[in-house]
Amino acid sequence: MESFGARLHRAMRERGPLCVGIDPHPALLAQWGLGDDVAGLERFARTVVDALGDRVAVVKPQSAFFERFGSQGMAVLESTIRQLRNLGSLVLLDAKRGDIGSTVRAYASAYLDPSSPMYVDAVTASPFLGVGSLAPMFELAAEHGGGVFVLALTSNPEGASVQRARSADGRSVAQTVLDEISQLNAGAEPIGSVGAVIGATVGKTDCDLSGVNGPLLAPGLGAQGATAADLRVVFGSAVPAVLPAYSREVLGAGPDPAALRAAADRAVTECRAVLAMS
């Protein structure tokens, strides 16, 4: 099976460098005139899928906003994933899972095994039980052409105290994560399938990104305060590997499908201009 890295590289070239989140939090449902219930959730997700599923490279449903409605919300998530895949978008499930042993293997099976109803192209994962604890995810992703995006430097202010802390060898925790990702992606072409999550709001990272050889997911653009121009500050010479991620900046244009498409198109244009400067 073709690797996730190769599929992502092609999708970004053909559809543009953009990941759009599906984050149906209560305030956004209300802004759209929808109820904070399963019917509102389903209407919201279906509108985003219909507007963007055939034109955006990557769509990133946030699992928590579906989970809060229990089994009915998870059914909507399963349906959303199927619809997006049918329309050609790569699906990145933002679940930030991380555990050890049989539990992380179960998470891997849930999201990265094609026989699962929750099967997606890639999933976000937390490495703070040790990057090696995620090995079952990396292995199943490699077997089935999937991807894993590992948290490295997140956009929330609380993350810095852990992620920028120094280990005994002088490297930051974030750099240690990036170096282990680099080993997993060594030799992959055109790009590896294990990515890193680095917030677009974190400023200068003091990290060496040159060897990662994988996609760099950059959340925090738009409503969280970062602009496309900030990508060069954060990622420097590694900016060609960046997958910019927008949520509220695009979703806030809804519920009109044309307005959603126009907002996504503006984001692609802004990001292309920055990435083309590299």
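Predicted model, so just to flag it, every value in this text is computed and none were measured.
- Here the closest heavy-atom approach between residue Val104 and residue Pro136 is recorded as CG1-CG, 3.5 Å.
- Leu129 CG: more than 12 foreign heavy atoms inside a 6.0 Å radius.
- Put simply, the side chain of Phe66 reaches to within 4.5 Å of the side chain of Pro61, judged on heavy atoms.
- Two residues are said to be in side-chain contact when any heavy atoms from C-beta on lie closer than 4.5 Å; Leu92 and Val59 fail this criterion.
- For the pair Arg232 (side chain) and Gly236 (backbone), a donor-acceptor distance under 3.5 Å is absent.
- One finds the OG1 atom of Thr205 at 8.0 Å from the CZ atom of Phe235 (value rounded to the nearest 0.5 Å).
- Rounding to the nearest 0.5 angstrom, the gap separating the CG atom in Asp113 from the CE atom in Met118 is 13.0 Å.
- Atom CZ of Arg15 sits in a crowded spot, with more than 12 heavy atoms from other residues, nucleotides or ligands closer than 6.0 Å.
- Residues Arg68 and Asp36 are paired through a salt bridge, judged by an N-O separation under 4.0 Å between the basic side chain and the carboxylate.
- Residues Glu249 and Leu221 fail the side-chain proximity criterion, which asks for heavy atoms closer than 4.5 Å.
- Note: the hydrophobic cluster containing Val76 does not contain Tyr119 (ILVMFWY, side chain heavy atoms under 4.5 Å, direct or indirect links).
- For the pair Gln163 and Thr176, the minimum side-chain heavy-atom distance is 4.5 Å or more.
- Note on Met12 and Leu209: separate hydrophobic clusters, where clusters join Ile, Leu, Val, Met, Phe, Trp and Tyr whose side-chain heavy atoms are under 4.5 Å apart, directly or indirectly.
- Clustering ILVMFWY residues whenever any of their side-chain heavy atoms sit less than 4.5 angstrom apart, transitively, puts Leu18 in a cluster other than the one holding Leu8.
- Ser182 places a side-chain N or O within 3.5 Å of a backbone atom of Gly211 that can act as its donor or acceptor partner.
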Full working for side chain to side chain contact (heavy atoms under 4.5 Å, CB included) between Met137 and Arg97:
CA-CA 10 Å; Met137 283 191 176; Arg97 301 302 190 222; 3.8 Å; yes
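- Closest approach of Glu180 and Gly132 over heavy atoms only: OE1-N, 4.2 Å.
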Give the C-alpha distance, both sets of side-chain angles, the deciding distance and a yes or no for side chain to side chain contact (heavy atoms under 4.5 Å, CB included) between Val150 and Phe138.
CA-CA 10 Å; Val150 182; Phe138 301 141; 3.9 Å; yes
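- One N or O on the side chain of Ser116 and one on the backbone of Ala110 form a donor-acceptor pair closer than 3.5 Å.
- If you take CZ on Phe65 and CG on Leu29, they are separated by 9.5 Å, rounding to the nearest 0.5 Å.
- Hydrophobic clustering (ILVMFWY, side-chain heavy atoms < 4.5 Å, transitive): Leu151 and Tyr107 are in distinct clusters.
- A distance of 12.5 Å separates CD in Glu270 from CG in Leu275, rounded to the nearest 0.5 Å.
- Here the closest heavy-atom approach between residue Cys207 and residue Ala174 is recorded as SG-CB, 4.1 Å.
- Minimum interatomic distance between Ala141 and Gly147 (heavy atoms only, all atoms of both residues): CB-N, 4.0 Å.
- Residue Arg13 holds its CZ atom at 7.5 Å from CZ of Arg10, rounded to the nearest 0.5 Å.
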Are Ile198 and Leu178 close enough, and set up right, to give a side chain to side chain contact (heavy atoms under 4.5 Å, CB included), and what steps lead you there?
CA-CA 10 Å; Ile198 299 177; Leu178 293 167; 4.3 Å; yes
Apply side chain to side chain contact (heavy atoms under 4.5 Å, CB included) to residues Val202 and Arg164 and explain how you reach the verdict.
CA-CA 11 Å; Val202 301; Arg164 294 182 185 265; 3.8 Å; yes
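- Side chain of Trp32 to backbone of Gly40: no donor-acceptor contact under 3.5 angstrom is found.
- The local environment of CD in Gln72 is sparse, with at most 12 non-hydrogen atoms from other residues, nucleotides or ligands closer than 6.0 Å.
- Looking at heavy atoms from C-beta onward, Thr124 lies out of side-chain contact with Leu93 at the 4.5 angstrom threshold.
- Across all non-hydrogen atoms, the minimal contact from Ala226 to Thr201 is CB-CG2, 3.7 Å.
- Between Gly159 and Thr154 the shortest heavy-atom distance is CA-OG1, 4.2 Å.
- Under the 4.5 Å side-chain criterion, counting only non-hydrogen atoms from C-beta, Phe4 is not in contact with Val148.
- Counting heavy atoms from C-beta outward, Pro17 and Leu243 have side chains that stay 4.5 Å or more apart.
- Using a distance-only test at 3.5 Å, with no hydrogens or angles considered, no donor-acceptor pair links the side chain of Asp230 to the main chain of Ala200.
- Taking a cutoff of 4.0 Å between a charged side-chain nitrogen and a carboxylate oxygen, Asp23 and Arg248 do not qualify as a salt bridge.
- If you check the side chains of Gln183 and Asp179, you find no donor sitting under 3.5 Å from an acceptor.
- Under the 3.5 Å distance criterion, the side-chain polar atoms of Ser89 are left unmatched by any main-chain donor or acceptor of Arg85.
- Asp50 has a carboxylate O that lies under 4.0 Å from a charged side-chain N of Arg46, or vice versa, which qualifies the two as a salt bridge.
- Put simply, the side chain of Ser109 gets close to the backbone of Arg105: a donor and an acceptor are under 3.5 Å apart.
- Shown are Ile181, Leu217, Asp94; of these, the side-chain contact (heavy atoms from CB on, under 4.5 Å) with Phe149 is made only by Leu217.
- Going from atom CD of Glu67 over to atom CD of Gln62 covers 8.0 Å, rounded to the nearest 0.5 Å.
- In this structure, the side chain of Asn185 engages the main chain of Val212 through a donor-acceptor pair within 3.5 Å.
- Both Val194 and Leu153 belong to a single network of hydrophobic side chains, linked directly or stepwise wherever heavy atoms of I, L, V, M, F, W or Y lie under 4.5 Å apart.
- Contact of the Ser63 side chain with the Leu77 side chain is registered, since non-hydrogen atoms from C-beta on lie closer than 4.5 Å.
- When the shell of 6.0 Å around CD of Glu2 is examined, it contains more than 12 heavy atoms from other residues, nucleotides or ligands.
- Remark: side-chain polar atoms of Arg7 are paired, donor with acceptor, to backbone N or O of Gly145 under 3.5 angstrom.
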